[in-house]
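Numbers restart at 1 for each chain; the letters A, B, ... are given by sequence-line order, proteins then strands.
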Amino acid sequence: MAYDGAASLPESRSSADPREQYAERAAIGLLGSLIVRDFPDGTRAVVRIVETEAYDQLDPASHTYRGRTERNRAMFGPANHAYVYSIYGMHHCINVTAGPDGFGCGALIRAAQPIEGRDVLAHHRYPASDGTLTAAQRRNLTNGPAKLCQALGIGMDLYGHDMSQPPLRIVPCGLEAGESVARTPRIGIRKAADRLRRYIIMGNPCVTPSPLNAGARDIEN
DNA sequence: GCCACGATGTGCT
DNA sequence: GCACATCGTGGCT
């Protein structure tokens, strides 16, 4: 069943720590922005961010909740840098750090829309060019955090990378006319699962397929 | 289209 | 040990 996202927003409680806004504002602000990836072989791909999640050290679901470690140190560094981690042994995911130096927070980039270089993305995801992909493969090019990382060739070599610089950079862009942001619970977590810290461009076909999408509600502001 | 399940590394209890 | 901010495949409707 669809949950009513607007009925009870945990973030609207007056006791919320104002520092929670660092990750949330970053996650919302990244929607619509472009990721430009220049590959070592000279090829390029451009995708548009359509789905993000907010995480910070006050949040039990976050890697930074238990404090700074060697693994998560990038999250405690300056904003707009890459925190890359490996998960389930075979995948990578990328966060863009946010907030002031010393506060562990950032936004997980969950999904993006291919803008340029579809063929390049396809080659990194499958041993095939875009034209030979099945319909399912085309849908699944960049619609999940690990799929996105595979398509963009993001691995631990980009850990701590400054996201304003090549070969992986974010070009800030706003939403297009008529687009709006919705929020839902985050996907695939158990702790703090009720918090509405996942943000999507409403109605965009490239977000992670999830029953949560049907109940997504427009955010106010 | 949907669901179940297996593959696998790493940090932390 | 075990829990993971996951995904691909195969088998089925």
*Can a side chain N or O of A:R198 be found less than 4.0 Å away from OP1 or OP2 on C:dA5?*
no
*Quick one: label A:N140 by what it contacts on the DNA or RNA (base, sugar-phosphate, nothing), any heavy atom closer than 4.0 Å.*
nothing
*Are A:Y55 and A:E53 close enough that a side-chain donor and a side-chain acceptor fall under 3.5 Å?*
yes
*asked:* Can you work out whether A:Q150 or A:E53 has the more 5'-proximal nearest nucleotide on DNA chain C?
replied: A:E53
_Rounded distance (Å) that lies between atom C1' of B:dT8 and atom NE2 of A:H91_ = 8 Å
*Under a 4.5 Å cut-off applied to non-hydrogen side-chain atoms, are A:H123 and A:R118 in contact?*
no
*Take atom CD1 of A:I87 and atom P of C:dC2, then tell me their distance rounded to the nearest Å.*
19 Å
*Using a heavy-atom distance cut-off of less than 4.0 Å, which residues of residues 63-71 of chain A contact DNA chain C?*
A:H63
_Once you apply a heavy-atom cut-off of 4.0 Å, does A:A61 come out as touching a base, just sugar-phosphate, or nothing?_
base
*Examine A:I189 and A:I200 and state if one hydrophobic cluster contains both, with Ile, Leu, Val, Met, Phe, Trp and Tyr joined whenever side-chain heavy atoms are less than 4.5 Å apart.*
yes
_With nearest nucleotide decided by heavy atoms, which residue, A:L108 or A:R125, maps closer to the 5′ end of DNA chain C?_
A:L108
*Find the distance A:D59:CG to C:dA5:P and express it as a whole number of Å.*
11 Å
*Check the geometry between A:Y88 and B:dG9 and answer yes if their rings are stacked (centres below 5.5 Å, planes below 30°), otherwise no.*
no
*Does the side chain of A:T208 come under 3.5 Å of the side chain of A:E51 through a donor N or O and an acceptor N or O?*
yes
*asked:* Between A:D59 and A:R19, does any NZ, NE, NH1 or NH2 come within less than 4.0 Å of an OD or OE carboxylate oxygen?
replied: no
*Interatomic distance, A:N143 CG vs C:dA5 C1' [rounded to whole Å]*: 16 Å
*Return the nearest nucleotide to the side chain of A:Y83; candidates are C:dC4, C:dA5, C:dC7.*
C:dA5
*Ignoring hydrogens and angles, state whether a donor on the side chain of A:R169 or A:N80 is under 3.5 Å from an acceptor on the partner side chain.*
no
